[in-house]
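Sequence positions, counted from 1, serve as the residue numbers for this chain.
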Amino acid sequence: MALPAWAGGGKPKHSLSFHAEGQATDGEKRVFSHQVLGEQRFFRITPEITQLDFKAFYPFQADDGTSFGAAFFLDDRAAIRLGQLSTSDQSRYLLGVVDGQPVDYMKIDKPVTDGVITLWRGLKQAHLEFLEKKLKIPAVRVATDLPASALRKER
């Protein structure tokens, strides 16, 4: 799978991205295959959301006991994109990719309106440090750490 081209002439040390499900007929230059629940599915090479869209994250120990997961608070543009995608692509899958390797998937079952997307597993301590120290994305450990811009009131 090809990673996105990054500005500045090189790739970042780590990458996190979410890829929407496509179709085999989209062609090998636009989709890659991955097994989900024993079935071959196709996902768009171009990600819908990347670490560049995160404004804060809440890390947690994954159920697998060997990795971390995180809930990512998205900036306004990415939150709108996730809302549109989760409305139009229900019953399809999103694939979480870390450092170019698929690590988790989720089935879209309802619209996401809170601007939060979760990767349930597949992150290492180095990824959390990269997000917080290199990309300067604040880690939320208690509610008071949550940036004011991440708080949204339901209407």
To the nearest 0.5 Å, what is the distance between [atom1] ([X]) and [atom2] ([Y])?
X: Gln90; Y: Thr87; atom1: CD; atom2: OG1; result: 6.5 Å
X: Phe68; Y: Leu128; atom1: CZ; atom2: CG; result: 5.5 Å
X: Leu123; Y: Glu129; atom1: CG; atom2: CD; result: 12.0 Å
X: Arg92; Y: Met106; atom1: CZ; atom2: CE; result: 15.5 Å
X: Leu37; Y: Gln35; atom1: CG; atom2: CD; result: 9.5 Å

### Message
Working note: Val103 + Trp120, criterion side chain to side chain contact (heavy atoms under 4.5 Å, CB included); need CA distance, chi angles, decisive distance, verdict.
### Response
CA-CA 9 Å; Val103 297; Trp120 294 99; over 6 Å; no
### Query
Can Phe60 be reached from Val116 by stepping across I, L, V, M, F, W or Y side chains whose heavy atoms are under 4.5 Å apart?
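Yes, because Val116 and Phe60 connect within a single hydrophobic cluster, where side-chain heavy atoms sit under 4.5 Å apart.
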### Query
Do Val31 and Val97 belong together in a cluster built from hydrophobic side chains that touch within less than 4.5 Å?
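In one cluster: no.
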What closest approach, in Å, do [X] and [Y] show between heavy atoms, and which atom pair accounts for it?
X: Pro47; Y: Ser17; value: CB-CB, 3.7 Å
X: Leu94; Y: Phe43; value: C-CE2, 4.2 Å
X: Phe42; Y: Ser33; value: CE2-CB, 3.6 Å
X: Pro102; Y: His34; value: CB-CE1, 3.5 Å
X: Phe57; Y: Ile137; value: CE2-O, 3.4 Å
X: His127; Y: Val98; value: NE2-CG1, 3.3 Å

Taking [X] for its side chain and [Y] for its backbone only, find out whether a donor-acceptor pair lies under 3.5 Å.
X: Asp26; Y: Gln23; value: yes
X: Asp75; Y: Ala78; value: yes
X: Thr50; Y: Leu52; value: yes
X: Gln51; Y: Ser15; value: no
X: Asp64; Y: Ser67; value: yes

### Task
Could you check Arg44 against Glu48 for salt bridge (Lys or Arg N to Asp or Glu O under 4.0 Å), going step by step and ending with a plain yes or no?
CA-CA 9 Å; Arg44 296 182 194 130; Glu48 298 295 329; 3.1 Å; yes
### Query
Is any side-chain heavy atom of Arg30 closer than 4.5 Å to a side-chain heavy atom of Ile45?
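No, side chains not in contact.
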### Message
I'd like to know whether CD of Glu28 has more than 12 heavy-atom contacts from other residues, nucleotides or ligands below 6.0 angstrom.
### Response
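Atom CD in Glu28 is not packed in, count stays at 12 or less.
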### Task
Salt-bridge test for Arg81 and Asp53: reply yes if a basic N is under 4.0 Å from a carboxylate O, no otherwise.
yes
### Task
Salt-bridge test for Asp104 and Arg121: reply yes if a basic N is under 4.0 Å from a carboxylate O, no otherwise.
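Salt bridge between Asp104 and Arg121, a charged N being under 4.0 Å from a carboxylate O: yes.
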### Task
Mind running side chain to side chain contact (heavy atoms under 4.5 Å, CB included) on Phe18 and Leu95 for me, showing each step along the way?
CA-CA 5 Å; Phe18 292 88; Leu95 185 68; over 6 Å; no
### Task
Step by step, work out the side chain to side chain contact (heavy atoms under 4.5 Å, CB included) result for Lys55 and Asp76.
CA-CA 9 Å; Lys55 63 181 175 184; Asp76 290 339; 4.2 Å; yes
### Message
Here's a test for you: under side-chain contact (heavy atoms from CB on, under 4.5 Å), which of Leu16, Ile49, Leu82 qualifies with Phe72?
### Response
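The passing option is Leu16.
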